[in-house]
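In what follows, every chain begins at residue 1, and chains take the letters A, B, ... in the order their sequences are listed.
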Amino acid sequence: MSVSSGDAPAGVKPPILQVEHLTMRFGGLVAVNDLSFDVARGDITALIGPNGAGKTTVFNCITGFYKPTAGRIALYRGATPKPGTLDALTNSPRRFATGDDGGIFLLERMGDSEITARAKVARTFQNIRLFTGMTVLENLMVAQHNWLNRASGYSFLGLAGAKSFRDAEAQAVDIAVQWLDRIGLKGRADDPAGALPYGDQRRLEIARAMCTGPVLLCLDEPAAGLNPRESAELNEFLMSIRSGNGTSLLLIEHDMSVVMEISDHIVVLEYGTKISDGTPQFIQNDPKVIAAYLGVEDDEVDEAETELEK
Amino acid sequence: MAQSEDIGGVAAEPSASLDWPKALRDAGLLALFTLGLSFPILAFRTRQDLTQGLVLDPRWGLVATVVAIAFFARLGWLVFGGALTRGAAAGAARVSRALAPVKPYAWIFRYIVLALLAAYPFLAVLFTGTGGALKWIDNFGIQILIYVMLGWGLNIVVGLAGLLDLGYVAFYAVGAYSTALLSTHFGFSFWICLPLAGIFAAFWGIMLGFPVLRLRGDYLAIVTLAFGEIIRLVIINWVELTNGASGISGIPRPTFFGLPFNASDEGFAAFFGLQFTPLHRLFFLFYLILALALLTNWVTVRLRRLPIGRAWEALREDEIACRSLGIDTVITKLTAFSIGAMFGGFAGAFFAARLGFISPKSFEFMESAVILSIVVLGGMGSQIGVAIAAIVMIGGTELLRELTWLKAVFGPSFDPTQYRMLLFGMAMVAMMVWRPRGLISNREPSIVLHEKRAIGGDMVKEGHG
């Protein structure tokens, strides 16, 4: 089963994430209503929309912090599976199916930490959630917890001071230092994360998410509170993540200089419903998007009302 | 604006330009407040007369003394307090400056402390003689070390993982009772009971942890408190197994690799050709609890530098961020809970074997509160801080017993140990004022790239459940 990706096709790249008929209700409030969209592999996809459109709710559904009321969220790792495997998995009680060359994960059935650990989806938060009392380096080490904990023999080998664990830890520090180099914070590795300036904290949170080794990185307003120069640096950093690490990106953003410059594909939400979906050029000229962001002319409202009365 | 500054000025910067009328009014208000407080508590002593009637003996002198103390203490604080605080701060700064060049040799200090601990029983004998040493080794040495160990065990749960556990004494009880029951029913020796007690306590930690750890903050605290009480009530009421409130006696004492500490021909003293003295057993118990406490410390310090320890601290900092990084928070919390419980169980096994008798009386909520206040007073997460706090709190309580000369001041019926809780409260208030994050609030990073620097306590979060 394949879902048409809206009014304008985003290209022929295979999807890494397919959101189908996603609905999230909180009591009587429908926060997300029958939303379907694809995130193509290796793309930067932006989720935009006015405040309260349900963007963060979609994020929380994808990353397992909310259980969606209805809908399917499928993540493909590695090669695109044969047709029919997704439906077979959906009809089985399993949450994911992994093979040698990747796997399919039904994210709506999985818990938050499981999604990061197994499906390799990482996220950041709208209000930065660093471990402020731990050093910058420690933040990046915590992000590598799962494989390091296995390498420490679930602490038994580590307690004994085994060489295999010390090697693994050195490797983890190497990975962390590489990321610190990329975000320009190597000199501050031993400072508490809470002492960093705001822009550095934003970049550190992204680097920390990347240390989990994700195939899909979800960023909730990464440019919020950044000045134009920092936004430009962030653009470069996100592009380097996509090209250098082969990670696909899904981001919520209000800063149009970021969205229009780096996204390959934009999905526009309003009141929990998708109103547009396509390339940045397409979105910029879509009258529905312009209406949602700028409001509509009075005669258009009249037109709509007469249409309703018919 | 100017007026409010003036009012604040009296309290904050008194010696700059002391406003005597304001200071007197302030102290007078406090005296009045003390009068109001002490009137219902201190003013009347109740007793029965010969006809069984209730007689109120007024004690206005006592009330007047207390009110006067409050008045002059406040006045004194307003006059000299500022200078005192500044002096203390300057002194602390001077000490830390003086210690700066010594810092690279801090490890020497550690070995000195260890050597002193190892020599402590001998020093006690040397200075106080064989008779006096009994008290110093038992009441001070062993008693304090038990609480140091319990504090370190709870520090894993509260200080590192940030889970507020008000029922820690339950695991202490599980350890003590499993040792008592296994040794009296099955004749297991202490050395078999010790690991079993740890395993049982850890098992109970997991059992209690599973349903409880999805709660956070106040809810977790209340439920752990309830579990602590449940264990105690089960012990009291399950008379067939635990002998109820009368407790279990006749628990075999630990032996030195099979050599009992008694005057018999097979005893420790006879085997080594020494003259029998009860000190041998105390020496042995002291070194045993010292070893157990150091084991707790060693494991905690090691674990803190392992992924699991870092995950505990991350959990204390931000649980949601932990979940977004793929850390299984339930397992992580359970490991902290069960490892903390295990050390509580070890301490319980030692407690049972040391006294040879246990009863539910030893496992009341007060114990949990004392252990928790040791952790909080010491500075959550700080090993050395917890050790110092245990020495202050437990050593202080024991010292109260020594203050018999106070009877000369307050009369023969004066019992200083009754003021234990008052001193606890005063220690807590003093801590809130001067060191709100505990004696040692700095956090040491678990891994260092360039240079090790302590992280100020204001950055570190206390956890929310």
Side-chain angles (χ1 to χ4, degrees), chain A residues 63-65 111-118 120-125 128-139 141-152 154-155 158-161 165 169 172-173 176-177 180 186-187 189-195 205 208-209 211-212 214 218, chain B residues 159-160 162 295 298-333 335-336 338-339 380-381 437 441-463:
Chain A
T63 51
F65 281 81
D112 40 26
S113 61
E114 203 184 12
I115 284 178
T116 310
R118 287 183 189 273
K120 297 287 174 198
V121 178
R123 73 168 292 177
T124 65
F125 296 87
I128 306 174
R129 283 186 172 275
L130 286 171
F131 306 123
T132 52
M134 301 175 85
T135 67
V136 170
L137 179 64
E138 281 181 304
N139 268 272
M141 295 297 281
V142 171
Q144 304 181 59
H145 172 80
N146 280 321
W147 79 269
L148 265 183
N149 198 31
R150 271 193 301 278
S152 77
Y154 298 97
S155 301
L159 266 185
F165 170 67
E169 192 175 59
V173 172
V177 168
L180 288 179
K186 194 177 166 189
D190 296 323
D191 286 345
E205 201 192 15
R208 187 181 68 178
C211 277
T212 63
C218 302
Chain B
L160 294 183
L295 175 79
W298 183 82
V299 170
T300 311
V301 169
R302 285 296 280 241
L303 281 178
R304 219 179 77 90
R305 297 196 188 123
L306 289 179
I308 189 70
R310 242 173 260 138
W312 289 340
E313 292 200 80
L315 201 65
R316 178 192 66 202
E317 295 280 325
D318 194 327
E319 184 175 344
I320 291 181
C322 272
R323 300 206 316 241
S324 84
L325 296 174
I327 294 172
D328 189 329
T329 50
V330 174
I331 298 280
T332 309
K333 284 180 182 179
T335 51
S338 58
I339 291 175
M380 301 209 296
R437 306 289 306 240
S441 55
N442 287 349
R443 178 181 171 271
E444 207 170 272
S446 62
I447 190 162
V448 176
L449 190 63
H450 309 294
E451 178 202 359
K452 190 191 253 179
R453 271 173 305 213
I455 297 171
D458 49 336
M459 291 278 177
V460 183
K461 298 207 174 96
E462 284 142 337

Original post:
Side chain, backbone, both or neither: which part of A:R118 has a heavy atom under 4.5 Å from chain B?
Top reply: neither
**OP:** Drop me the distance from A:I128's CD1 to B:D318's CG, to the nearest 0.5 angstrom.
**Re:** 12.0 Å
Original post:
Relative to chain B, which segment of A:T212 carries a heavy atom at a distance below 4.5 Å: side chain, backbone, both, or neither?
Top reply: side chain
Original post:
Out of A:E138, A:E205, A:R123, which one racks up the most heavy-atom pairs below 4.5 Å with chain B?
Top reply: A:E138
Original post:
Taking A:G158, A:A189, A:G194 one by one, which has the highest count of heavy-atom pairs under 4.5 Å against chain B?
Top reply: A:G158
**OP:** Taking A:R129 for its side chain and B:A321 for its backbone only, find out whether a donor-acceptor pair lies under 3.5 Å.
**Re:** no
Original post:
chain B heavy atoms under 4.5 Å from A:V173: which part of the residue, side chain, backbone, both or neither?
Top reply: side chain
Original post:
For chain B, which of A:M134, A:Q144, A:R208 has the most heavy-atom pairs under 4.5 Å?
Top reply: A:M134
Subject >> Heavy-atom closest contact (B:A314 atom, A:V142 atom, distance) >> reply: CB-CG1, 3.7 Å
Original post:
Which of the residues A:L148, A:I115, A:T132 is involved in the greatest number of heavy-atom pairs with chain B at under 4.5 angstrom?
Top reply: A:T132
Original post:
Would A:E169 and B:R305 pass as an ion pair if we require N to O under 4.0 Å?
Top reply: no
**OP:** Measure across A:N146 and B:G326 and return the closest heavy-atom pair with its distance rounded to 0.1 Å.
**Re:** ND2-O, 2.6 Å
Subject >> Options A:F125, A:F165, A:F65, ranked by heavy-atom pairs under 4.5 Å with chain B, top entry >> reply: A:F65
Subject >> B:R310 side-chain N/O to A:M141 backbone N/O, donor-acceptor pair under 3.5 Å >> reply: no
Original post:
Is it true that a side-chain atom of B:E317 and a backbone atom of A:G133 form a donor plus acceptor pair closer than 3.5 Å?
Top reply: yes
**OP:** Report yes or no: does A:D190 contribute a side-chain atom to a donor-acceptor pair with the main-chain N or O of B:L449 at less than 3.5 Å?
**Re:** yes
Subject >> CG on A:D191 to NE2 on B:H450, rounded to 0.5 Å >> reply: 9.0 Å
Original post:
Looking at CD1 of B:I339 and OG of A:S155, how far apart are the two atoms once the value is rounded to the nearest 0.5 Å?
Top reply: 6.5 Å
Original post:
At what distance, to the nearest 0.5 angstrom, does CG of B:L306 lie from OH of A:Y154?
Top reply: 14.0 Å
Subject >> Any donor-acceptor pair under 3.5 Å from A:N149 side chain to B:P307 backbone >> reply: no
**OP:** Counting only heavy atoms closer than 4.5 Å, note whether A:A195 contacts chain B via side chain, backbone, both or neither.
**Re:** both
Original post:
How many angstroms lie between atom CD1 of B:I327 and atom NE2 of A:H145, to the nearest 0.5 angstrom?
Top reply: 5.0 Å
Original post:
Would you say the side chain of A:T63 lies within less than 4.5 Å of the side chain of B:S324, judging by non-hydrogen atoms?
Top reply: no
Original post:
For A:V136, is it the side chain, the backbone, both or neither that has a heavy atom under 4.5 Å from a heavy atom of chain B?
Top reply: neither
Subject >> Pairs of heavy atoms under 4.5 Å with chain B: top-ranked of A:L180, A:N139, A:T135 >> reply: A:T135
